[in-house]
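Quick notes on the structure that follows.
Chain A is the first sequence line, chain B the second, and so forth, proteins listed ahead of strands; every chain is numbered from 1. These numbers were taken from a predicted model, which means no experiment stands behind them.
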There are 2 protein chains.
Amino acid sequence: MTRPPRRPLTLRDVSEAAGVSEMTVSRVLRDKGDVSAATRQRVRDAAKRLGYVPNRIAGSLAGGRVNLVAVVIPSLKNMVFPEVLSGISEALAGTGLQPVVGFTDYLPETEEQVLYEMLSWRPSGVIVAGLEHSPASRAMLTQSGIPVVEIMDTDGIPIDACVGISHRRAGREMAEAILAEGYRRIAFLGTKMPLDHRARKRLEGFAERLSEDGIAIADREFYSGGSALAKGREMTQRLLERSPDIDFIYYSNDMIGAGGLLWLLERGVDVPGRIGLAGFNGVELLDGLPRQLATMDACRREIGRRAAELIAARQPGTAIVTPERLDLSPTIAWGDTLRRSTRPAKQGDPAPA
Amino acid sequence: MTRPPRRPLTLRDVSEAAGVSEMTVSRVLRDKGDVSAATRQRVRDAAKRLGYVPNRIAGSLAGGRVNLVAVVIPSLKNMVFPEVLSGISEALAGTGLQPVVGFTDYLPETEEQVLYEMLSWRPSGVIVAGLEHSPASRAMLTQSGIPVVEIMDTDGIPIDACVGISHRRAGREMAEAILAEGYRRIAFLGTKMPLDHRARKRLEGFAERLSEDGIAIADREFYSGGSALAKGREMTQRLLERSPDIDFIYYSNDMIGAGGLLWLLERGVDVPGRIGLAGFNGVELLDGLPRQLATMDACRREIGRRAAELIAARQPGTAIVTPERLDLSPTIAWGDTLRRSTRPAKQGDPAPA
DNA sequence: TTGAAAGCGCTAACAC
DNA sequence: GTGTTAGCGCTTTCAA
């Protein structure tokens with residue numbers, strides 16, 4: 001590794017090569033202002049020949065504009081955020097804006113640091129996961145004066161705007177469906193993440209709805225770390241050893257649900273007759289399991305898309321009025337693991353046994 | 001969404017509030033140079049009270065240093081890159097450098113654009129997936145004068161440095177193992193990605209080694225899009241309908257391998273007796289399948305870590321000499337789907353049937 | 001249509 | 001230990 005470091009080219013180099021002022025070069029390269037076709041061509045050629053790459057640091061400082069959108073999310077391990085990012089990239093493509101991603105690992109303190117770093121680049125917008133932030137984070141975001149969109153969750157008060165789903169409602173609705181199908185001995189298996197507020201809210205909504213029917217969660221267990229598929233397997237096994245009379249398991253995510261499903265099928269357990277199962281997220285990854293796990297889509301891609309659109313719509317020059325709260329409404333994907341005796345038959349449903 | 005945009009605070013604001021020069025504020029905030037404890041405290045308080053966030057655009061322009069490392073990868077859908085990113089973040093933590101990620105979707109033209117965007121921010125290093133780039137991309141990277149580390153692959157000539165594994169060799173070694181176990185009617189199932197050079201090289205190495213034993217790939221099929229698990233299932237089914245005498249299937253990735261495995265197990269096929277299976281990547285995600293798919297680790301996290309370390313080691317002031325080629329050597333994870341008659345028994349292997 | 005001057009907010013280098 | 005000066009490489013503004 002010994003390449004000689006060169007001085008990076010500047011506008012001046014191109015300007016000299018093309019025989020015009022720096023200003024004219026700048027105009028050509030940004031397609032701004034009127035430049036004669038001949039000059040434009042000469043400049044373009046020179047820039048290309050030299051291999052000039054503009055210096056956006058200088059450009060942004062002078063222009064007071066930065067084409068960056070800060071995206072702050074917990075982690076990529078979650079299976080949730082890659083798709084959110086895709087939605088964001090998709091919607092940002094063509095706007096001239098570019099996403100820059102930072103990770104918090106679900107830690108408020110890390111979030112604070114990452115936001116500080118990001119804001120120090122004076123981005124044109126911030127997309128941040130969740131509505132829960134440290135006071136310092138909130139202050140920074142409010143102070144910044146740039147558009148902020150909080151994503152994933154709508155159960156709370158946004159700093160500026162939010163796009164997501166109500167996880168509390170998602171939990172409630174799943175409870176509702178499970179009860180309607182006649183399940184009564186209901187267990188919950190999830191992640192041990194006190195700081196994953198969305199998982200917490202789902203569980204709260206879930207328990208709340210059950211209790212309205214006088215039912216308590218019969219058993220529960222939380223895990224952390226390791227392969228979710230394997231954990232789902234182990235936890236399901238332990239659960240049924242502990243509480244053999246369980247008739248439904250609500251998993252906090254599809255991966256552990258899939259682990260549980262595989263384990264039950266191997267043992268020849270009747271799913272969803274003897275035990276029903278449901279997860280959360282609607283990950284496409286799992287299409288192809290022996291049976292389709294019941295789940296609820298988290299609207300990941302759409303959340304990303306809408307958030308990016310909100311940011312784009314709030315750029316100076318764009319006078320569109322945007323809503324401050326976008327609450328998406330996912331529906332239950334019944335799959336094959338939630339018995340459907342009472343539900344009216346839909347096209348595509350297998351005939352009742 | 002109607003927050004009043006404020007003028008962002010500058011060093012001057014803090015300097016006035018603290019009653020010292022801008023320069024002193026700058027020194028305090030960067031922990032550079034000697035400042036008396038008393039002054040330092042006053043400045044810190046003022047900055048905090050005002051909610052000052054430094055402007056790195058100006059700072060970078062003046063200082064000629066940017067704490068950013070550009071990371072250019074194909075996509076996050078691949079299951080491979082999230083872990084590479086983790087490795088990078090991990091190694092960069094504490095160096096003061098920050099990763100900024102861009103996606104190419106496996107398209108050379110997109111890669112070119114993304115590199116251009118990234119380089120325009122004058123990052124302190126570039127980590128880019130693969131050794132194959134358009135001439136323009138190569139030119140940009142060479143011209144840039146900053147450290148460039150190409151990752152994932154070592155079959156080729158790096159622009160500056162590279163860290164990865166030889167996918168050609170990975171394919172060869174898997175072929176070797178399969179042949180050693182006595183399999184002879186060997187099929188390949190993979191992705192239809194002419195631009196995924198690493199998958200291509202694995203297949204080439206694989207076919208090459210087979211042909212040295214006078215064996216040709218008996219059947220093959222390629223897919224694109226959709227859920228990999230489902231595709232693995234479908235392709236495996238079609239394959240066995242077409243070529244029922246196949247005794248081994250080499251999958252280009254673990255997810256389709258898992259789909260195939262699940263399908264075969266459901267049908268009661270003897271794996272690995274009647275048919276052996278192997279995938280590629282070593283994704284932890286799949287721990288928890290009924291049987292463990294044979295695979296080969298792609299060393300994702302380590303590649304990320306090492307690449308980041310190379311970048312860090314090449315920063316001005318760090319006079320460490322770094323290698324220009326780091327070739328990691330993954331070994332086969334035999335799992336439960338590659339018969340092991342002739343291989344000497346190792347600890348942990350089940351007793352032969 | 002083109003050019004010249006001023007300055008974006010910060011830091012390096014040098015004074016005191 | 002602290003302050004002053006002179007840019008970093010661009011874009012804005014205004015003049016020609």
Exercise. Hey, mind stepping through Asn55(A) and Thr10(A) against side chain to side chain contact (heavy atoms under 4.5 Å, CB included) and telling me if it holds?
Worked result: CA-CA 8 Å; Asn55(A) 184 332; Thr10(A) 68; over 6 Å; no

Using whole Å, report how far [atom1] of [X] lies from [atom2] of [N].
X         : N       : atom1 : atom2 : value
Trp121(B) : dC10(D) : CH2   : C1'   : 12 Å
Met23(A)  : dA15(D) : CE    : C1'   : 14 Å
Glu16(B)  : dG9(C)  : CD    : P     : 13 Å
Ile57(B)  : dT11(C) : CD1   : C1'   : 15 Å
Arg27(A)  : dT2(C)  : CZ    : C1'   : 6 Å
Leu61(B)  : dG9(C)  : CG    : C1'   : 9 Å
Arg56(A)  : dG9(C)  : CZ    : P     : 20 Å
Leu29(B)  : dG9(C)  : CG    : P     : 16 Å

Exercise. Within the side chain of Ser60(B), is there an N or O that forms a donor-acceptor pair under 3.5 Å with the backbone of Arg56(B)?
Worked result: yes

For the side chain of [X], counting heavy atoms from C-beta on, which of [options] is nearest?
X        : options                  : value
Val20(A) : dG3(C), dG9(D), dT11(C)  : dG3(C)
Ala62(A) : dC8(C), dC8(D), dT12(D)  : dC8(C)
Glu22(A) : dC10(D), dT11(C), dG9(C) : dC10(D)

Short side-chain N/O contact to [N] OP1/OP2 from [X], under 4.0 Å:
X        : N       : result
Ser26(A) : dT11(D) : yes
Thr24(A) : dG3(C)  : yes
Arg65(B) : dA12(C) : yes

Exercise. Would you say Arg325(A) has more than 12 foreign heavy atoms packed within less than 6.0 Å of its CZ?
Worked result: yes

Problem set entry | Side chains of Ser89(A) and Ser86(A), donor plus acceptor under 3.5 Å | no

Exercise. For residues Ser75(B) and Asp105(B), is any side-chain donor paired with an opposing acceptor at under 3.5 Å?
Worked result: no

Problem set entry | Side-chain heavy atoms of Met152(B) within contact of Val80(B), under 4.5 Å | yes

Exercise. So do the side chains of Arg122(B) and Arg65(B) get within less than 4.5 Å of each other, counting heavy atoms only?
Worked result: no

Problem set entry | Under-3.5 Å donor-acceptor pair between Arg122(B) side chain and dG9(D) base | no

For this session: Look at all strands and tell whether Gly64(A) reaches a base, only sugar-phosphate, or nothing, counting heavy atoms closer than 4.0 Å.
Result: nothing

Exercise. Where along residues 30-55 of chain A does a heavy atom fall under 4.0 Å from DNA chain C?
Worked result: Asp34(A), Val35(A), Ser36(A), Thr39(A)

For this session: Heavy atoms only: give me the nearest Pro158(A)-Leu131(A) pair and the separation to one decimal.
Result: CA-CD2, 3.8 Å

Seminar exercise, completed: Looking only at heavy atoms, the pair that brings Gly304(A) and Ile88(A) closest together is O-CG1, 3.4 Å

Exercise. How do Gly19(B) and Gly63(B) order along DNA chain D: which one's closest nucleotide is nearer the 5' end?
Worked result: Gly19(B)

For this session: Quick one: which residue pairs count as a side chain to side chain donor-acceptor pair (under 3.5 Å) with a foot in residues 127-140 of chain B, not counting sequence neighbours?
Result: Glu111(B)-His133(B), Glu112(B)-Ser134(B), Glu132(B)-Lys201(B), His133(B)-Glu150(B), Ser134(B)-Ser137(B)

For this session: Could you tell me, to 10°, how much the axis swings from one end of the helix from dT1(C)-dA16(D) to dC16(C)-dG1(D) to the other, five pairs per end?
Result: 30°

